[in-house]
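The structure displayed is predicted, hence computed values, not measured ones.
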Amino acid sequence: MCGRYMLYYDKDVIIDAFNLENDFDYGERFNIAPSQQVLSVIKASSGNRAGYMKWGLVPGWAKDPKIGNKLMNARSETVTDKPSFKDSFHQKRCLIPASGFYEWVIEEGSGIKQPLQFSLKDKKPFAFAGIWSRWIGEVNGQQEERITCSILTKASNSSMIKYHHRMPVMLEPHIGEAWLDRSAGKGKLFAILQDNDPELFAEQVTLDLNVHRTN
């Protein structure tokens with residue numbers, strides 16, 4: 001799964017890596033959590049554009065937007081089987097740039113939950129494969145529009161399996177471009193999700209990360 005991640009590349013690096021055509025607000029973040037606004041990339045008619053979406057997908061048909069609290073991740077193996085995700089998989093795919101993600105291990109003896117940071121071994125930019133949705137409805141008597149997203153996950157590879165049985169789908173920018181391709185068929189998209197095998201580097205980070213407000 002993916003429950004926390006970080007993004008600290010220079011803004012120019014992100015713009016160049018994902019061929020972005022627009023400007024956007026940006027600041028380094030080291031503890032991005034579900035329900036927060038996250039930088040995302042979509043394919044527009046004029047090219048790739050970046051903006052912010054709330055992490056936790058709310059399907060367009062949902063009666064209550066709180067469903068998004070349960071939909072921060074989507075399993076890549078079953079994404080087309082789930083009513084919450086299948087329309088977004090076919091019509092609304094996105095990239096969620098990241099510098100790495102976190103998982104926790106329980107230390108023997110002390111029982112302390114030690115956070116580990118996982119990043120690409122070569123430290124190059126990447127993005128999570130994502131899907132997004134637009135929800136319009138009433139909240140506390142007011143009409144609202146919410147743009148939300150979910151990160152796709154897969155079975156862990158050899159770099160990750162000893163820490164957790166799931167990991168986010170991590171795409172290099174050129175593969176991410178294929179993920180955004182509106183003409184891509186189901187077979188190609190599933191190949192993108194299943195065939196990537198990133199080599200990861202793991203390192204311990206501060207226990208302060210256990211507080212999601214830490215940035």
Give a yes-or-no answer on whether the side chains of [X] and [Y] include a donor-acceptor pair shorter than 3.5 Å.
X	Y	answer
Ser46	Glu21	yes
Glu172	Asn196	no
Thr78	Lys82	no
Arg29	Gln36	yes

Would you say the side chain of [Y] lies within less than 4.5 Å of the side chain of [X], judging by non-hydrogen atoms?
X	Y	answer
Phe201	Glu203	yes
Leu180	Asn48	yes
Gln204	Gln114	yes
Lys92	Ile42	no
Ser150	Phe85	yes
Pro125	Ile14	no
Tyr5	Val38	yes
Leu171	Phe128	no

Next on the checklist: Could you walk me through whether Ile136 and Gln143 satisfy the side-chain contact (heavy atoms from CB on, under 4.5 Å) test, starting with their C-alpha distance in whole Å, then the side-chain angles of each, then the deciding distance to 0.1 Å, before giving a yes or no?
Outcome noted: CA-CA 7 Å; Ile136 299 175; Gln143 196 78 354; 3.5 Å; yes
Next on the checklist: Between Glu77 and Arg166 (salt bridge meaning N to carboxylate O under 4.0 Å), is one present in this structure?
Outcome noted: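 Salt bridge flag = yes for Arg166 with Glu77.
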Item to check | Electrostatic pair Lys11-Asp23, nearest N-O below 4.0 angstrom | outcome: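 Salt bridge present between Lys11 and Asp23.
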With distance as the sole test, does [X] use its side chain to make a donor-acceptor pair with the main-chain N or O of [Y] at under 3.5 Å?
X	Y	answer
Asn157	Glu199	no
Thr148	Val58	yes
Asp122	Lys124	yes
Ser156	His164	yes

Checklist entry - What class does the angle between the rings of Phe24 and Tyr26 fall in, given that below 30° is parallel, 30 to 60° is tilted and above 60° is perpendicular? => result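 Phe24 vs Tyr26 ring planes: perpendicular.
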Checklist entry - Using the ring of each side chain (for Trp, its six-membered ring), is Phe101 parallel, tilted or perpendicular to Phe118, with breaks at 30° and 60°? => result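 Aromatic pair Phe101/Phe118 classed parallel.
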Checklist entry - Would Trp179 and Leu95 satisfy side-chain contact (heavy atoms from CB on, under 4.5 Å), going step by step from the backbone distance to the final call? => result CA-CA 8 Å; Trp179 174 250; Leu95 297 173; 3.7 Å; yes
Taking atom [atom1] of [X] and atom [atom2] of [Y], what is their separation to the nearest 0.5 Å?
X	Y	atom1	atom2	result
Lys188	Leu193	NZ	CG	12.5 Å
Lys43	Cys94	NZ	SG	13.5 Å
Leu189	Gln194	CG	CD	11.0 Å
Met170	Ile151	CE	CD1	11.0 Å
Glu144	Arg146	CD	CZ	4.5 Å
Glu177	Ile192	CD	CD1	10.5 Å

Can you name the nearest heavy-atom pair linking [X] to [Y], along with the distance?
X	Y	value
Arg182	Ser45	NH2-N, 4.0 Å
Cys2	Thr153	N-CG2, 4.3 Å
Pro83	Trp61	O-NE1, 3.5 Å
Gln117	Met6	CG-CE, 3.4 Å
Met160	Glu103	CE-CG, 3.4 Å
Leu57	Ser133	CG-CB, 4.0 Å

More than 12 foreign heavy atoms under 6.0 Å from [atom1] of [X]: is that the case here?
X	atom1	answer
Asp25	CG	no
Lys123	NZ	yes
Glu145	CD	yes

Item to check | Residue from Ser88, Ser40, Cys149 passing side chain to side chain contact (heavy atoms under 4.5 Å, CB included) with Trp132 | outcome: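 Answer to the side chain to side chain contact (heavy atoms under 4.5 Å, CB included) test with Trp132 among Ser88, Ser40, Cys149: Cys149.
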Checklist entry - Name the one of Leu20, Asn19, Ile96 that satisfies side chain to side chain contact (heavy atoms under 4.5 Å, CB included) with Val41? => result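 Per the side chain to side chain contact (heavy atoms under 4.5 Å, CB included) rule, the option paired with Val41 is Leu20, out of Leu20, Asn19, Ile96.
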Same hydrophobic cluster for [X] and [Y], using side-chain heavy-atom links shorter than 4.5 Å among ILVMFWY?
X	Y	result
Phe18	Ile147	no
Leu200	Ile161	no
Val169	Leu71	yes

Next on the checklist: Go through it in stages, so that I can follow the logic: the residues are Ile131 and Leu152, the test is side-chain contact (heavy atoms from CB on, under 4.5 Å), and I'd like the CA-CA distance, side-chain angles, deciding distance and then a yes or no.
Outcome noted: CA-CA 8 Å; Ile131 53 177; Leu152 277 82; 3.8 Å; yes
Next on the checklist: Quick check on the 6.0 Å ring-centre criterion: do Tyr9 and Phe126 meet it?
Outcome noted: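 No, too far apart.
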Next on the checklist: Checking Phe89 against Phe190 for the ring-ring contact (aromatic ring centres under 6.0 Å, His included) test, could you report, in this order, the C-alpha distance in whole Å, the side-chain angles of both residues, the deciding distance, and whether it holds?
Outcome noted: CA-CA 10 Å; Phe89 173 83; Phe190 268 103; 5.4 Å; yes
